[in-house]
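Only a predicted model underlies this, so the values are computations on that prediction, with no experimental measurement involved.
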Amino acid sequence: QVRLVESGGGLVQSGGSLRLSCATSGFTMSTYGMNWYRQPPEKDRELVASISSRGTQIQYAESVKGRFAISRTEDTLYLQMNDLKPDDTAVYFCNARHLSNSYWGQGTQVAVSS
């Protein structure tokens, strides 16, 4: 059974930091590109950061460049979020993608107060 379980969200003040984790099981994560998405309140889901299966290619949304860092181990995906802003408030989702397969976690809430 494929599982992606996010954790690490919470309420933080502007300028603070959080580290999100996505623990995976039921598939070979090392063969999948991994992504973090977020969905702000009443807005569409957007791609925040991506990392290739070998970790050699990383991309970030312009809005988080220089503040967020994506990383991965054999079975866990991370998102280090620094200098958080109120606009970063959203539900953050972990996504695994390879060819026609795409798996999602249930999301973790991040709220940043001003």
I need the minimum non-hydrogen distance between [X] and [Y], along with the two atoms involved.
X    : Y   : value
N82  : S17 : OD1-OG, 3.0 Å
D88  : R67 : OD2-NH1, 2.7 Å
K65  : E62 : NZ-OE2, 2.7 Å
S71  : I51 : CA-CD1, 4.1 Å
Q109 : A90 : NE2-O, 3.3 Å
V64  : R38 : CG1-NH1, 3.9 Å

Sidechain-backbone polar pair: [X] side chain, [Y] backbone, donor-acceptor under 3.5 Å:
X   : Y    : value
T76 : T73  : no
E6  : Q106 : yes
Y32 : S52  : no
T89 : V112 : yes

Atom pair [atom1]/[atom2] of [X] and [Y] - distance to nearest 0.5 Å:
X    : Y   : atom1 : atom2 : result
T24  : R3  : OG1   : CZ    : 11.0 Å
S30  : R54 : OG    : CZ    : 10.0 Å
T108 : L79 : OG1   : CG    : 11.0 Å
D87  : S63 : CG    : OG    : 8.5 Å
R72  : S53 : CZ    : OG    : 6.0 Å
L77  : M34 : CG    : CE    : 4.5 Å

Relative to Y78, does R19 satisfy both conditions: NZ or CZ under 6.0 angstrom from the six-membered ring centre, and within 45 degrees of the ring's axis?
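Yes, a cation-pi geometry holds between R19 and Y78.
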Would you indicate whether the side-chain heavy atoms of S113 and S14 approach each other to under 4.5 Å?
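Heavy-atom side-chain distance check fails, nothing below 4.5 Å.
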Going by heavy atoms in the side chains, are L20 and C22 under 4.5 Å from each other?
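Of all side-chain heavy-atom pairs linking C22 with L20, none is under 4.5 Å.
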In terms of hydrophobic clustering (I, L, V, M, F, W, Y; side-chain heavy atoms under 4.5 Å; direct or indirect links), are [X] and [Y] co-clustered?
X   : Y   : answer
Y60 : L47 : no
M81 : L11 : no
V91 : V48 : no
L18 : F68 : yes

Step-by-step side chain to side chain contact (heavy atoms under 4.5 Å, CB included) determination, N95 to W36:
CA-CA 6 Å; N95 169 254; W36 283 103; over 6 Å; no
Answer yes if the side chains of R45 and Y37 hold a donor-acceptor pair under 3.5 Å, and no otherwise.
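No.
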Side-chain H-bond candidate by donor/acceptor type, D75 with S25, under 3.5 Å
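No pair is found: no donor N or O on one side chain lies under 3.5 Å from an acceptor on the other.
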Would you check if the distance from the ring center of Y103 to the ring center of F27 is below 6.0 Å?
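Judged by ring-centre distance (under 6.0 Å), Y103 and F27 do meet the cut-off.
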